[in-house]
Amino acid sequence: MAYVIGFAIAALVALFAYFFKFDRDRSFYPTVLIVVASYYVLFATMAGSARSIIVEVIVMMMFVGAAVAGMRSSQWFVVAGLALHGVFDFFHGSIIANAGVPRFWPAWCLGYDVVAAACMAILVVSRMRPVVSEAVVS
C-alpha cells in the first residue's frame, strides 16, 4: 500500500507542478531531490543517533551533488538521482541502521522517487524536442 500511495502522491505533485508551471523552473526537481534525500537525516535526528546522522548526511550529500550537477549541466543527473534514491530506499534498511525510519517509509519513498524520476524524464525529453515554427518561409 505504501508503494501505491508514494506513486499517487508523486503523480499529484507532478501534475500540480505542471498545471501551475512550477516545473518550468529548472530548480524544481533538483529541490525535490534535495528534500527527499534530507528525510533520512530527519529520521536519524528523531532517533537521536549521532552516528546515523553522520552517515545519512554523507549519503544525502551525494544526492545534493546530483541536484547541483543537474542545475549546472544536464538535468539527467536529477533524473538519475531520483531513480537512484529509489534504489537506495529499497536497500536502506540493510545498509544503514537508523531507528528513526518509519516502517512504511522506504516503500513510500521508493514509490515516490520512481514516479518523480519518470515525470522528470518526460519533462526533459519534451524540452529536447525541437520547436517547429508555424510560420511559413516563402
Side-chain angles (χ1 to χ4, degrees):
M1 183 65 141
Y3 292 107
V4 174
I5 295 171
F7 292 159
I9 296 299
L12 289 171
V13 168
L15 286 170
F16 176 86
Y18 175 78
F19 284 115
F20 291 99
K21 300 177 179 21
F22 281 37
D23 62 4
R24 289 191 181 180
D25 189 321
R26 189 175 173 93
S27 67
F28 179 75
Y29 279 100
T31 302
V32 168
L33 176 57
I34 292 168
V35 170
V36 166
S38 75
Y39 281 116
Y40 285 110
V41 178
L42 169 66
F43 298 143
T45 303
M46 290 168 50
S49 169
R51 182 185 181 289
S52 293
I53 292 170
I54 292 167
V55 172
E56 298 289 11
V57 166
I58 291 167
V59 173
M60 178 188 159
M61 294 313 295
M62 290 186 279
F63 293 106
V64 169
V68 171
M71 277 295 296
R72 302 221 179 230
S73 63
S74 174
Q75 291 183 316
W76 288 110
F77 284 111
V78 179
V79 174
L82 286 165
L84 287 172
H85 196 270
V87 172
F88 172 69
D89 292 318
F90 185 78
F91 292 105
H92 183 274
S94 51
I95 55 175
I96 299 174
N98 184 344
V101 178
R103 279 187 23 186
F104 69 87
W105 186 260
W108 185 92
C109 197
L110 185 155
Y112 187 97
D113 294 343
V114 168
V115 171
C119 292
M120 174 81 190
I122 291 167
L123 193 62
V124 171
V125 168
S126 70
R127 288 180 180 163
M128 292 171 61
R129 287 191 214 138
V131 178
V132 179
S133 175
E134 293 182 17
V136 178
V137 179
S138 40

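Scope of the values below: all heavy atoms of this structure, side chains included, with no hydrogens, waters or symmetry mates.
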Exercise. Carefully, step by step, assess I96 and F88 under the rule side chain to side chain contact (heavy atoms under 4.5 Å, CB included).
Key: CA-CA 10 Å; I96 299 174; F88 172 69; 3.9 Å; yes

Quiz item: Is there a side chain to side chain contact (heavy atoms under 4.5 Å, CB included) between V124 and R127 once you walk through the steps?
Solution: CA-CA 5 Å; V124 171; R127 288 180 180 163; 5.8 Å; no

Quiz prompt | Test side chain to side chain contact (heavy atoms under 4.5 Å, CB included) applied to M62 and H85, step by step | solution = CA-CA 10 Å; M62 290 186 279; H85 196 270; over 6 Å; no

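Here the closest heavy-atom approach between residue C109 and residue V36 is recorded as SG-CG1, 3.7 Å. Across every non-hydrogen atom of G70 and F77, the tightest pair is N-CB, 3.7 Å. Considering every non-hydrogen atom in both S27 and M71, the closest pair reads CA-SD, 3.5 Å. Here the closest non-hydrogen pair linking A107 and A2 is CB-CB, 3.8 Å. Here the closest heavy-atom approach between residue D113 and residue L82 is recorded as CB-O, 3.3 Å. A pairwise comparison of heavy atoms in D23 and L123 identifies O-CD2, 3.6 Å as the closest pair.
Side-chain N or O atoms of N98 include none that pairs as donor or acceptor with a backbone N or O of E56 at under 3.5 Å. A donor-acceptor pair under 3.5 Å is absent between the side-chain atoms of S52 and the main chain of S49, judged by distance alone.
With no hydrogens or angles considered, no side-chain donor-acceptor pair links D89 and Y39 at under 3.5 Å.
More than 12 heavy atoms of other residues, nucleotides or ligands shown are found within 6.0 angstrom of CZ on R26.
Under a hydrophobic clustering in which Ile, Leu, Val, Met, Phe, Trp and Tyr are joined whenever their side-chain heavy atoms come within less than 4.5 Å, directly or via other members, V35 and I53 fall into different clusters.
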